[in-house]
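We count ligands from 1, going down the list as the structure has it; atoms in each ligand are counted the same way. The chain is numbered in sequence order, starting from 1.
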Amino acid sequence: MRKPIIAGNWKMNNTVSQTSALLNQLIPLVKDAACEVVVCVPFTSLFEAVRLTKGTNIAVGAQNVAWAEKGAFTGEISADMLIETGAKYAVIGHSERRQYFGETDESVNKRLNTAVGKGLKAIVCVGETLAEREGGITEKVVKAQIENGFKGVSAADLQSVILAYEPVWAIGTGKTATPQDAQNTVSYIRGVFTSLYGTQNANALRIQYGGSMNAANADELMAQPDIDGGLIGGASLNAADFARVVMYKNLRG
Ligand code: PEP
């Protein structure tokens, strides 16, 4: 049984004081969640988020992590720096990092190996653009992202990984993949992991859907057999909306 995991990706939103306000609203709303709950906050909010969520069921994550341990990498944040704040998770390879900051499968791979080697849990993002979807190459794209992104990652390391399938055309656009489309691609992705790591390891891997997942569509998406959670952008910035996603109705029966 895979325990579902729902993570908020706050992106570049919320100062420290805004972080306190949002988390103080969120904490009571999600205290009875059946799934794991994570908030991936800006680096500057990590200490405050960890302090406020201590003793609650909310874990804290960052939105990136450097591949290097330390040194001359201006603007980067190392795994050790994150770990010392109390952060447990790091998002790696988000499409906005790929699109605006030159992130590639190779840099994702280096960040991932460092993160899991240091003991962080990695939320690794893959997904196709609209042109790739319309060109019928979604499967080819996500397969390559996984094969290149996971080089050198052992089956033991895979236990520290959550895979987020995020069709780029659905992120921040209000367009969501239909539950069936999302399930089809997530199931395909599980198959890719089966060929890389074997059935048992692939079946243990938690795969999230991300892309305009919100209070209105979470129940149906979470009802899909291979979807084990969500990576939530816009809807995670409102406590009631994010709480409704986290407290999704289990339609699987
Ligand atoms: C994301 O940031 O990973 C995301 C899925 O954003 P949104 O929910 O706003 O589409």
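Checking each of K151, K143, R98 against D105 for a salt bridge (charged side-chain N to carboxylate O under 4.0 Å, His left out) leaves exactly one that passes, namely R98.
A donor and an acceptor atom, one from each side chain of D226 and Q183, are located under 3.5 Å apart. Defined by atom type and a distance below 3.5 Å, a donor-acceptor pair is missing between the side-chain atoms of S187 and N184.
Both I58 and V245 are part of a single hydrophobic cluster, where members link through side-chain heavy atoms under 4.5 Å apart.
By the ring pair (Phe, Tyr, Trp, His ring centres under 6.0 Å) test, Y248 is found to be paired with no residue, residues two or more places apart in sequence or in another chain being considered.
For ligand 1, the 4.0 Å heavy-atom shell takes in N9, K11, H94, E166, A170, I171, G172, G210, G211, S212, L231, I232, G233, G234, ordered by chain and residue number.
Taking CG of N250 as the reference point, atom CE of M222 lies at 8.0 Å (rounded to 0.5 Å).
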